[in-house]
Amino acid sequence: MSRGIILYQSKYGSTAKYAQWLVEETGFDCIETKRAKVSELMKYDVILLGGGVYASGIAGFGFLKKHYAALAGKNIAVFAVGASPYDEKAIQQSRELHFKDALADVPLFYCRGAWDEAKMTFWDRKLCTMLQKAVAKQNPNEYEPWQKALMSAVGQSCDWTDRRYLEPLLKHLRK
């Protein structure tokens, strides 16, 4: 495998857990996105960016967008971590929203994370509560996968992290 680095931004720990598992699998270096310097990334062939999904955005993705031109020629991939189960439609929507122009060919992988309202910030809990109230007004038989997950997790602590979610990304790296 080439020389690589994992950049990650983790708010509640799931993305950090996946980043550590990737370190164990690949031997890559690892650093939080907020500490990364583009000049230091130049020595790597592979750059993996991991971030939690919040309000359909991927944490840390702005770093990649800002510095993508400087990183041209690197093997770059993104892994998003969210509480929802894998849903191809949602992944495609994320691609269309964020992976435009030069980023259109950057591979995107998804890993399921965790949900623990007790660990959430006040504002995250508030946002989730408002979202749950809005979803509750809909017909449960017509829920999207993320809506089902949201409604079933209310008041619970759930950890869906699993190394198996990294298999497609690891397969991509072995090409």
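Within the model, atoms OH of Tyr165 and CZ of Phe79 stand 15.0 Å from one another, a figure rounded to the nearest 0.5 Å. For the atom pair CD (Glu32) and CD1 (Ile6), the distance works out to 13.0 Å, reported to the nearest 0.5 Å. Annotation: the span from Leu170 atom CG to Thr26 atom OG1 amounts to 7.5 Å, rounded to 0.5 Å. Distance check: Gln147 CD to Ser84 OG gives 9.5 Å after rounding to the nearest 0.5 Å. Distance check: Asp29 CG to Arg3 CZ gives 6.0 Å after rounding to the nearest 0.5 Å. To the nearest 0.5 Å, atoms CG (Leu49) and CZ (Phe63) are separated by 8.5 Å.
Closest approach of Trp21 and Arg163 over heavy atoms only: CD1-NH2, 3.1 Å. When all heavy atoms are compared, the tightest approach of Ile58 to Gly51 is CG2-O, 3.8 Å. When all heavy atoms of Ala83 and Trp115 are compared, the closest pair comes out as CB-CE3, 4.1 Å. Shortest non-hydrogen contact noted between His98 and Gly57 is NE2-CA, 3.7 Å. Looking at every heavy atom in both residues, Lys119 comes nearest to Tyr12 through O-CE2, 3.0 Å. Looking at every heavy atom in both residues, Ala118 comes nearest to Arg125 through O-NH1, 4.5 Å.
Side-chain atoms of Thr33 come within 3.5 Å of backbone atoms of Tyr8 as a donor-acceptor pair (strictly under, hydrogens ignored). With hydrogens and angles ignored, the 3.5 Å screen pairs a side-chain donor or acceptor of Ser10 with a backbone N or O of Ala16. A donor-acceptor pair is defined here as one N or O able to donate and one able to accept, closer than 3.5 Å; such a pair exists between the side chain of Tyr18 and the backbone of Arg112. Thr15 contributes no side-chain N or O that, together with a main-chain N or O of Gly50, makes up a donor-acceptor pair within less than 3.5 Å.
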Item to check | Derivation of the ring-ring contact (aromatic ring centres under 6.0 Å, His included) call for Phe61 and Tyr68 | outcome: CA-CA 10 Å; Phe61 192 75; Tyr68 189 72; 9.2 Å; no

Item to check | Audit row: Met120, Glu117, side-chain contact (heavy atoms from CB on, under 4.5 Å) steps and yes/no | outcome: CA-CA 5 Å; Met120 290 182 189; Glu117 292 174 19; 4.2 Å; yes

Item to check | Derivation of the side-chain contact (heavy atoms from CB on, under 4.5 Å) call for Ile5 and Glu40 | outcome: CA-CA 10 Å; Ile5 188 165; Glu40 288 294 313; over 6 Å; no

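By the 6.0 Å contact criterion, NZ on Lys43 is enclosed, its count of non-hydrogen atoms from other residues, nucleotides or ligands being greater than 12.
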Considering only distance and modelled atom types, tabulate donor-acceptor pairs under 3.5 Å from the side chains of residues 85-95, sequence neighbours left out.
residue	atom	partner	partner atom	Å
Tyr86	OH	Glu88	OE1	2.3
Asp87	OD2	Ala90	N	3.3
Lys89	NZ	Glu144	OE2	3.3
Gln92	NE2	Glu96	OE2	3.4
Arg95	NH1	Val106	O	2.8
Arg95	NH2	Ala104	O	2.5
Arg95	NH2	Val106	O	3.2

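The only member of Ile76, Asn75, Leu64 that meets side chain to side chain contact (heavy atoms under 4.5 Å, CB included) when paired with Ile47 is Ile76.
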